[in-house]
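This structure is a prediction, so every number in the text was calculated from the model and none was measured. Values reported hereafter were calculated over all heavy atoms of this structure, with side chains retained and with hydrogens, waters and symmetry mates removed.
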Amino acid sequence: MRTSIIGVIILTAIISTLCQGEADAAPRPNGDMIYIEAGPFIQGSNDGPLQELPRRKVYLDAFWIDRDEVSVADWNRFRTKTGHRASKYQNTPTLHRAELPIVGISWHDATAYCRWAGGRLPTEAEGEKSARGINGLRYPWGNLFDPARVTRGRNTPPPIGGRPGSESPWGARAMAGGVWEWTNDFWGEFYYREAPKRNPKGPPSGFLHTIKGGSYRNSPEMLRSATRFRLDAIIRWKIVGFRCARSIEP
């Protein structure tokens, strides 16, 4: 009997060690990032513009993504450390307060920040999966538009964090109705028709980049998680910001 009990204790310890190893396989990086598990999700839509067709199942490897958009305070720390150029709206108080998402930065600026922070811009597919979960939700919070979950019609972006209840199934905040967000991908008008169904990374070249999320100035239709738009990489727009992602190291 004593031998049996000792065996159970040893077996429990082994299982505990193995489970701990699995938990440690994807350690949390520095900063407030959330873990998006590997697996399929529904990308695109069948009732939006042609560039959203077809609605399809896509598999992504696991990755980390910022819970929130990069803030003005974050950006200023980056500039202090690196000497990078200021945002276009550095001297516009309504757009450049510490608690707001940084805007007025180009794709190149956003890429430089993410590299400095130890990450990268998310792919278009990663941004969409982070916003809508795995079952193809129309909006981050569900399939019906809820005006209480977003801030629209303002002259300035909503503060970092967005409205309560607007979180995505993963816990990412302000994935709709904050600011448009740069992705790493080059833009392809009909890319979904030819894109791989595993870890798509956008067309191999171009000068336009995909942006996702919709902004505080947009209609509900533009706040859908499937909505995709494009912007020249050098443009610094007052309704476009970004968040960073990070790959899971093998």
Side-chain angles (χ1 to χ4, degrees), residues 19-41 43 58-82 84 98-103 105 107 109-134 137 139-141 149 157-185 199-202 209-214 225 240-250:
C19 290
Q20 183 63 41
E22 292 176 357
D24 291 343
R28 178 180 294 276
N30 293 330
D32 191 12
M33 303 189 89
I34 56 177
Y35 178 69
I36 310 296
E37 65 186 29
F41 82 106
Q43 184 181 39
V58 174
Y59 181 97
L60 297 183
D61 292 337
F63 61 96
W64 293 98
I65 195 165
D66 287 344
R67 185 181 304 278
D68 295 306
E69 295 152 332
V70 173
S71 69
V72 169
D74 295 330
W75 182 260
N76 287 341
R77 282 192 289 272
F78 162 64
R79 290 195 62 235
T80 298
K81 293 288 187 180
T82 65
H84 196 90
E99 72 276 13
L100 299 180
I102 186 66
V103 294
I105 49 93
W107 180 88
D109 295 328
T111 298
Y113 176 96
C114 289
R115 187 181 303 119
W116 170 78
R120 55 175 174 76
L121 285 173
T123 65
E124 178 180 0
E126 287 173 341
E128 189 164 332
K129 183 176 182 178
S130 300
R132 70 193 308 189
I134 64 175
L137 295 178
Y139 300 98
W141 54 83
R149 298 178 191 257
I160 290 294
R163 289 280 187 90
S166 65
E167 299 86 356
S168 80
W170 307 99
R173 302 191 294 191
M175 296 297 289
V179 292
W180 286 98
E181 298 180 14
W182 288 111
T183 74
N184 191 63
D185 296 19
N199 298 318
K201 299 184 185 301
H209 283 273
T210 304
I211 55 176
K212 296 284 289 181
S225 296
V240 178
F242 69 103
R243 71 183 75 209
C244 300
R246 189 176 298 188
S247 302
I248 304 297
E249 297 299 329

If I compare all heavy atoms of [X] with all of [Y], which pair ends up nearest, and what's the gap?
X	Y	value
Ala62	Tyr35	CB-OH, 3.4 Å
Val179	Gly241	CG2-N, 3.6 Å
Tyr59	Pro200	O-CD, 4.5 Å
Phe41	Gly133	CB-O, 3.6 Å
Pro122	Gly127	CB-N, 4.4 Å
Trp75	Asp109	CH2-CB, 3.7 Å

For Glu69, side-chain hydrogen bond (donor to acceptor under 3.5 Å, both in side chains) partners two or more places apart
none
With Ser247, which residues qualify under side-chain hydrogen bond (donor to acceptor under 3.5 Å, both in side chains), at least two apart?
Arg120
Do side-chain atoms of [X] reach the backbone of [Y] as a donor and acceptor pair under 3.5 angstrom?
X	Y	result
Arg79	His84	yes
Asn199	Asp61	yes
Arg149	Gly165	yes
Arg132	Leu137	yes
Trp182	Ile105	yes
Thr210	Thr183	no

Mind checking ring pair (Phe, Tyr, Trp, His ring centres under 6.0 Å) for Phe63 and listing every partner two or more places apart, or none if nothing turns up?
none
Could you list the residues that satisfy ring pair (Phe, Tyr, Trp, His ring centres under 6.0 Å) with Tyr139, not counting sequence neighbours?
Trp141, Phe145
Could you check Ser225 against Met175 for side chain to side chain contact (heavy atoms under 4.5 Å, CB included), going step by step and ending with a plain yes or no?
CA-CA 8 Å; Ser225 296; Met175 296 297 289; over 6 Å; no
Quick one: are [X] and [Y] in side-chain contact, heavy atoms under 4.5 Å?
X	Y	answer
Asp185	Thr123	yes
Leu60	Glu126	yes
Ile160	Pro101	yes

Mind telling me whether Trp107 and His209 have parallel, tilted or perpendicular rings, with 30° and 60° as the class edges?
parallel
Show your reasoning for whether side chain to side chain contact (heavy atoms under 4.5 Å, CB included) applies to Ile102 and Phe242.
CA-CA 8 Å; Ile102 186 66; Phe242 69 103; 3.7 Å; yes
Can you tell me how far apart [atom1] ([X]) and [atom2] ([Y]) are? Round to the nearest 0.5 Å.
X	Y	atom1	atom2	value
Phe78	Trp116	CZ	CH2	7.0 Å
Glu124	Asn184	CD	CG	11.0 Å
Cys244	Asp74	SG	CG	9.0 Å
Arg67	Ser168	CZ	OG	9.0 Å

Please name all residues satisfying salt bridge (charged side-chain N to carboxylate O under 4.0 Å, His left out) with Glu37, sequence neighbours left out, ordered by chain then number.
none
Just jot down the salt bridge (charged side-chain N to carboxylate O under 4.0 Å, His left out) partners of Asp66, sequence neighbours excluded, or say none.
none
Begin from the C-alpha positions of Ile65 and Arg243 and carry the test side chain to side chain contact (heavy atoms under 4.5 Å, CB included) through to its verdict.
CA-CA 7 Å; Ile65 195 165; Arg243 71 183 75 209; 3.9 Å; yes
Set out, in order, the CA-CA distance, both residues' side-chain angles and the distance that settles side chain to side chain contact (heavy atoms under 4.5 Å, CB included) for Gln43 and Lys129, then state yes or no.
CA-CA 7 Å; Gln43 184 181 39; Lys129 183 176 182 178; over 6 Å; no
